Amino acid sequence: MTDIADRLVDQVMTARAASRPLMIRGGGSKAFMGRAVAGEAMDLSEHSGVVDYSPSELVITARAGTRIADVRRALDEQGQMLPFEPPEYEGRATLGGALAANTSGPARPWRGSVRDALLGTRIINGKGEHLRFGGVVMKNVAGYDLSRAQCGAMGSLGVITELSIRVIPKPELETTLVQECNEATAITKMVELCRQPRPLSAVCWTGGRLYLRLSGAEQAVASTIGYWGGELLERAADFWRQIQEQTHEFFEGETPLWRLSVKPSAPPLGNDAPVLLDWGGALRWVRAESSLTAMERYAVSAQGQASLYRHGDRNGEVYHRLSPPLRALHQRLKAALDPDGIFNPGRLYSWL
Amino acid sequence: MYSSVTSASSFETRKKLLIEEMAKFLPSDSIIADEETLRVYECDGLSAYCERPLLTVLPDSVEDVQKILKLCHRWGVPVVARGAGTGLSAGATPSPDGILLSLARFNRILRIDPEARTATVQPGVRNLAISQAVEPMGLFYAPDPSSQIACTIGGNLAENSGGAHCLKYGLTVHNVLAFEMLTAEGERVRVGGQGLDNCGFDLLPLIIGSEGLLGVITEITVKLLPSPDAAQVIMAAFDSVEKAGDAVAGVIAKGIIPAALEMMDRYAIQAAEDFVRAGYPTNAEALLLCEIDGVREEVVEYVEQVEGLFRELGAVAVRTSQSDAERALLWKGRKSAFPAVGRISPDYYCMDGTIPRSQLSYVLTRMREMSEEYGLRVANVFHAGDGNLHPLIMFDANVPGEFEKTEEFGGRILELCVAVGGCITGEHGVGLEKIRQMSAQFSEAELEQFHAVKDAFDPGGVLNPGKGVPILRRCQEYRSIGN
Ligand SMILES: Cc1cc2nc3c(=O)[nH]c(=O)nc-3n(C[C@H](O)[C@H](O)[C@H](O)COP(=O)(O)OP(=O)(O)OC[C@H]3O[C@@H](n4cnc5c(N)ncnc54)[C@H](O)[C@@H]3O)c2cc1C
Ligand SMILES: Cc1cc2nc3c(=O)[nH]c(=O)nc-3n(C[C@H](O)[C@H](O)[C@H](O)COP(=O)(O)OP(=O)(O)OC[C@H]3O[C@@H](n4cnc5c(N)ncnc54)[C@H](O)[C@@H]3O)c2cc1C
């Protein structure tokens with residue numbers, strides 16, 4: 001529960017003067033993600049604590065090193081929650097890390113990603129300036145949105161020091177329906193069910209079973225169960241936590257874990273590798289000893305992108321490669337925020 | 001060629017050279033150069049800011065837009081993109097030494113994919129046309145600015161437009177999956193994708209809302225949502241604005257997220273009622289419109305709860321729509337509130353500040369005091385659920401000095417919004433209009449950071465120059481005037 005922003009600014013200034021790279025670290029929970037990098041550690045975990053929380057405004061502001069688990073507990077007391085259900089990774093994941101790594105859970109297609117819930121940030125740029133973008137209100141279109149642009153940048157566009165996030169009331173009721181089917185049928189069903197105005201909040205397929213989570217007003221959930229029918233899943237909260245935290249048995253073992261973000265209605269990828277479908281088909285986890293090039297090809301045929309999420313070779317590229325004009329924009333934007341290239345060099349792409 | 005343009009002392013020479021060059025690839029009906037027709041493009045919805053461009057061009061292929069941009073980049077000629085020109089911040093006001101690039105001819109819906117729930121459209125497609133096209137499939141495009149019959153989806157992206165229903169469904173940025181953009185140098189880039197997440201920097205939210213300063217958007221894929229099973233709107237009248245404000249907080253505190261939650265004050269109610277006869281109680285001080293949508297059973301349950309809550313919190317009248325026709329009528333009054341105010345005053349000036357909901361009563365009271373101080377009436381129409389105010393200052397442009405007084409009053413309202421923790425614009429953008437107030441919301445280092453981002457995308461500074469971010473030297477002047 002301390003504010004060490006001044007110290008962080010000093011560290012950036014010193015690193016800049018010495019042209020020494022910094023490796024930004026939140027909770028160390030996602031060290032497995034991204035590319036491996038070297039540099040002086042910049043530890044955000046001490047820069048933590050809720051700065052302001054007004055339940056009636058549906059907004060929470062907290063320092064970047066605040067653990068997601070702590071935020072969840074504070075919101076829980078008021079019957080509220082983070083809409084994007086980020087993984088907590090054994091309680092170590094931080095709010096800043098969730099934004100930097102763009103991690104959202106099963107509800108993402110319906111309740112949005114971390115970017116969608118983000119209202120504002122404070123950031124230290126590569127010149128050591130502590131800046132504020134966005135704010136605490138729902139709508140704000142003044143200036144370029146440099147808050148949301150941090151999403152997925154893996155810390156390479158600045159040090160996030162504070163976040164303001166829109167929260168939502170917890171649903172009155174949550175129930176999960178489950179049915180047996182193969183992957184192709186599951187995709188067809190997902191597409192069909194997601195087109196209906198029903199209170200879905202998660203749709204996942206794994207191990208030959210399709211899981212449909214319904215959340216909302218009691219009446220809405222009850223009427224949908226009546227309408228769709230199907231078997232109710234017991235201990236459903238545990239199942240969804242395993243999907244959110246990637247602790248489900250599908251995620252066990254050392255085989256490389258690929259994450260494909262694709263068009264939800266795309267047919268099965270057509271390789272034999274084990275697959276888990278989340279986000280109503282828009283997210284496909286694949287376990288395979290494969291190359292990025294091969295996985296990129298599968299992803300592109302499903303109109304999406306691939307990344308190597310965990311395990312495998314973390315010295316080569318791990319994220320879907322960008323087109324040359326996009327790559328040029330990345331380099332220029334990076335230089336605009338971090339002119340000396342001191343933040344997490346090479347963590348996102350070898351050339352960035 | 002290059003040197004002859006840059007050294008051309010008169011706009012006429014530059015204009016002639018541009019016409020010559022453009023005529024090499026654009027048909028003659030795509031180049032507008034005569035003064036009379038150019039007047040159509042002088043301003044957007046904020047007519048206080050007028051400029052005549054050298055030329056207006058109306059290309060109909062991305063390749064031609066690319067050629068136009070490459071030429072303008074090479075010659076350093078300013079380019080201002082224009083959708084329907086309904087913007088309210090002088091964002092599409094032309095540069096007098098540049099060209100106006102109208103995207104009006106990019107008006108085709110390219111693909112609708114009901115299975116993936118997306119539509120891919122050209123930038124000049126009107127907002128409402130998307131929802132109309134997908135309605136038979138049981139889908140809709142959520143952001144619904146009041147100008148949706150006219151405004152374009154390209155303009156919506158540039159402004160990150162909202163609407164009454166963004167309380168539940170989000171702004172434009174939450175409802176766009178991908179777009180194709182031409183950079184200032186004419187390079188074609190694709191941002192986003194058909195999936196939800198993408199690798200690399202998240203350029204999508206950076207470019208959405210950037211007011212045409214970072215690129216020209218040429219194709220857009222939007223998300224579509226299943227049309228709700230049922231929707232009802234509850235109208236509640238209150239005898240004080242404070243009570244209505246408390247009722248807004250009450251709904252949110254109950255854990256209900258309405259599809260829309262809008263407020264109007266006395267002037268706005270009267271003007272709207274005179275205009276469309278929606279059945280608003282004209283003796284009320286404040287009116288709330290609260291729309292609940294979802295599964296039928298859920299709507300019934302929540303409507304009952306909200307009606308009860310409004311009565312408990314002192315509503316003097318509560319009425320709930322019993323048919324879609326009645327719901328449409330209740331909304332019609334709200335959606336035509338701007339033109340309705342236009343009928344009771346020679347001119348009006350629409351502001352767009354956003355505040356934390358808890359500050360509503362305070363800000364409205366302060367605004368009333370300022371209204372007396374300036375001797376100018378203010379009608380208030382706003383997206384109460386998300387704290388986005390639209391004070392409409394009524395004035396008469398024919399009275400010398402009254403517009404200047406109005407602008408000053410408006411500026412003070414925005415500064416008040418910043419002071420209570422809000423911001424200067426919730427959905428209309430900065431444009432030329434709010435450029436002074438940018439230095440109330442941002443520090444010099446922050447503004448400098450914006451300029452660095454602009455340079456990264458548009459090193460030559462040709463896209464919509466002079467808008468959105470103030471030049472730093474000016475900020476110091478604004479601040480010293482303010483003191
Ligand atoms: C002692 C030590 C040992 C390490 N060992 C390894 C190792 O074996 N292998 C390895 O790959 N890495 C290792 N790292 C690197 C480090 O764990 C990760 O780079 C980083 O900690 C991941 O962030 P996180 O765990 O906090 O997770 P998160 O907090 O979830 O962060 C994920 C990503 O977000 C960035 N980030 C987090 N917070 C912020 C913020 N506030 N602002 C901007 N960016 C932010 C991080 O840089 C990272 O890229 C080690 C670091 C330390 C200090
Ligand atoms: C009566 C009325 C009611 C309104 N209600 C609302 C409301 O409820 N919510 C709301 O948010 N707004 C509202 N507006 C404001 C306005 O309609 C929106 O800002 C709208 O998005 C502008 O769209 P347009 O096509 O008219 O854009 P224009 O006015 O033509 O342009 C707006 C900006 O976008 C840029 N631009 C346009 N097209 C492109 C492109 N393809 N690529 C790059 N840049 C581009 C322009 O350069 C300019 O900066 C209202 C306006 C009026 C007149």
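Chain letters run A, B, ... following the sequence lines, proteins first and then strands; every chain starts at 1. Predicted model, so just to flag it, every value in this text is computed and none were measured.
Annotation: the span from B/L224 atom CG to A/R195 atom CZ amounts to 10.0 Å, rounded to 0.5 Å. The distance from atom CD of A/Q219 to atom CD of B/E301, rounded to the nearest 0.5 Å, is 4.5 Å. Note that CZ of B/R357 is 5.0 Å distant from CG of A/L58, once rounded to the nearest 0.5 Å. Atom CG of A/D145 is separated from atom CG of B/L203 by 12.0 Å, given to the nearest 0.5 angstrom.
A donor-acceptor contact shorter than 3.5 Å is absent between the side chain of B/E297 and the backbone of A/S223.
The aromatic rings of B/F201 and A/H330 lie parallel to each other, with less than 30° between the two planes, well short of the 60° mark.
For a residue to count as touching a neighbouring chain, one of its non-hydrogen atoms must lie under 4.5 Å from one of that chain's; by this rule A/N125 touches chain B with the side chain only. With a threshold of 4.5 angstrom between heavy atoms, A/P55 does not approach chain B through any atom at all. For A/E129, the part sitting under 4.5 Å from any heavy atom of chain B is the side chain, from C-beta outward, and nothing else. Looking at A/S56, the atoms closer than 4.5 Å to chain B (heavy atoms on both sides) all sit in the backbone: N, CA, C or O.
Shortest non-hydrogen contact noted between A/R148 and B/D202 is O-CB, 3.9 Å.
By number of non-hydrogen pairs under 4.5 angstrom with chain B, the leading residue of A/G216, A/P264, A/C194, A/A335 is A/C194.
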